[in-house]
Amino acid sequence: MNIILFGAPGAGKGTQAKKLVEKYGIPQISTGDILREAISNGTKLGLEAKKFMDKGNLVPDEVVIGLVSERLKKDDCKKGYIFDGFPRTVFQAEALDKIANIEKVVALEVPDELIIERITGRRISSKTGNIYHIKYNPPLNEDEKDLIQRPDDTKEAVIVRLENYRKQTLPVLEYYEKQNKVFKIDGSGDSKKITEKIIDILGE
Ligand code: AMP
């Protein structure tokens with residue numbers, strides 16, 4: 001099962017992808033996570049990507065496509081995978097079509113005000129990588145109280161990210177609509193119910 005979780009930044013792609021990994025036993029491929037790992041390892045690619053990411057801009061297509069095609073060669077991708085944050089441009093979607101067969105695209109729809117509130121309040125446990133929200137979902141576990149904010153989760157960067165999403169990434173949805181692969185769901189409610197809806201779409 002090869003699927004794409006689609007949606008604006010803060011739509012809940014990462015949170016839902018983690019639930020689907022548990023449910024289906026296939027990996028989440030988050031280009032954002034791969035790029036952040038390159039940054040924390042201090043690689044040349046990471047340093048280059050950071051310049052784009054911190055401002056809320058997209059990393060060049062060739063870089064991201066290269067990372068994804070390497071990732072897909074790994075053994076754990078044999079039974080399928082869940083893309084989270086990829087493809088983000090039509091160019092990326094076309095490149096992906098040459099190397100993979102995407103079955104379904106699940107699009108999480110969330111209004112802008114909620115996105116800004118979710119992203120600016122988003123914090124990540126430095127210990128476990130779990131995602132929390134300072135107001136709606138603070139960590140209960142003492143171990144996870146050490147929270148960090150992504151440098152691109154500030155209000156200024158979020159506004160740029162939303163603009164780029166509209167200009168560069170929304171056309172990707174049209175691209176997959178033409179292939180009849182898109183399933184849209186309301187991503188603003190209770191996280192567990194959203195997971196259930198996605199599982200209804202993907203099947204047991
Ligand atoms: P995310 O964690 O998915 O919100 O991604 C964080 C940042 O990484 C984005 O704002 C981009 O700068 C970069 N990024 C992640 N995925 C892609 C992609 N598919 N294409 C270009 N840039 C990306």
Side-chain angles (χ1 to χ4, degrees), residues 3-43 45-47 49-50 52-56 59 64 67-68 71 74 76-77 80-86 88 106 108-162 165 185-199 202:
I3 66 152
I4 293 171
L5 275 182
F6 188 90
K13 302 184 296 293
T15 304
Q16 294 301 328
K18 288 191 171 57
K19 302 284 174 205
L20 301 177
V21 167
E22 276 171 35
K23 167 85 187 162
Y24 297 109
I26 54 176
Q28 165 194 17
I29 303 182
S30 156
T31 40
D33 284 350
I34 297 173
L35 290 165
R36 278 185 290 276
E37 202 184 319
I39 294 175
S40 67
N41 290 338
T43 65
L45 186 146
L47 291 176
K50 187 171 164 47
F52 296 94
M53 291 168 74
D54 282 357
K55 292 202 185 93
V59 171
V64 179
L67 290 172
V68 168
R71 180 67 186 85
K74 294 203 175 153
D76 64 340
C77 291
Y81 35 81
I82 302 153
F83 278 118
D84 151 16
F86 180 88
R88 261 175 156 103
V106 179
L108 301 170
E109 299 188 301
V110 178
D112 278 7
E113 316 82 74
L114 185 58
I115 283 183
I116 293 173
E117 200 187 6
R118 276 189 186 175
I119 295 193
T120 52
R122 173 160 68 185
R123 297 291 184 277
I124 297 159
S125 160
S126 58
K127 214 165 205 179
T128 61
N130 287 336
I131 305 165
Y132 292 101
H133 189 281
I134 38 172
K135 193 160 145 202
Y136 302 119
N137 179 28
L140 302 172
N141 187 337
E142 271 304 317
D143 251 21
E144 292 190 302
K145 289 268 152 80
D146 196 11
L147 299 175
I148 45 175
Q149 185 180 33
R150 278 171 45 174
D152 59 345
D153 276 353
T154 58
K155 193 153 183 194
E156 303 76 62
V158 172
I159 289 166
V160 178
R161 286 163 72 192
L162 280 175
Y165 170 74
I185 58 176
D186 179 0
S188 60
D190 174 68
S191 169
K192 276 196 186 133
K193 294 217 173 89
I194 297 170
T195 311
E196 283 165 17
K197 276 193 219 158
I198 300 177
I199 291 171
L202 301 180

Okay, side chain of [X], backbone of [Y]: is any donor-acceptor separation there less than 3.5 Å?
X      : Y      : result
Thr120 : Lys155 : no
His133 : Ile119 : no
Glu156 : Lys55  : no
Lys50  : Ile39  : no
Arg118 : Ala11  : yes
Thr128 : Ser125 : no
Asn41  : Thr43  : no
Ser126 : Leu147 : no

Exceeds 12 heavy-atom contacts within 6.0 angstrom, atom [atom1] of [X]:
X      : atom1 : result
Lys23  : NZ    : yes
Gln149 : CD    : yes
Leu140 : CG    : no
Lys74  : NZ    : no

Just verifying a value: how many Å separate [X] [atom1] and [Y] [atom2], rounded to the nearest 0.5 Å?
X     : Y      : atom1 : atom2 : value
Gln16 : Ile194 : CD    : CD1   : 5.5 Å
Ile34 : Arg71  : CD1   : CZ    : 6.5 Å
Thr15 : Tyr132 : OG1   : OH    : 11.0 Å

Salt bridge or not for Asp153 and Arg161, using N-O below 4.0 Å?
-> yes
For the pair Glu142 and Lys145, find out whether any cationic side-chain nitrogen is under 4.0 Å from an anionic carboxylate oxygen.
->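 Yes, this pair counts.
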Residue pair Glu117 / Tyr136, side-chain heavy-atom distance below 4.5 Å = yes
Using the ring of each side chain (for Trp, its six-membered ring), is Phe83 parallel, tilted or perpendicular to Tyr81, with breaks at 30° and 60°?
->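 Rings of Phe83 and Tyr81: perpendicular, as their planes differ by over 60°.
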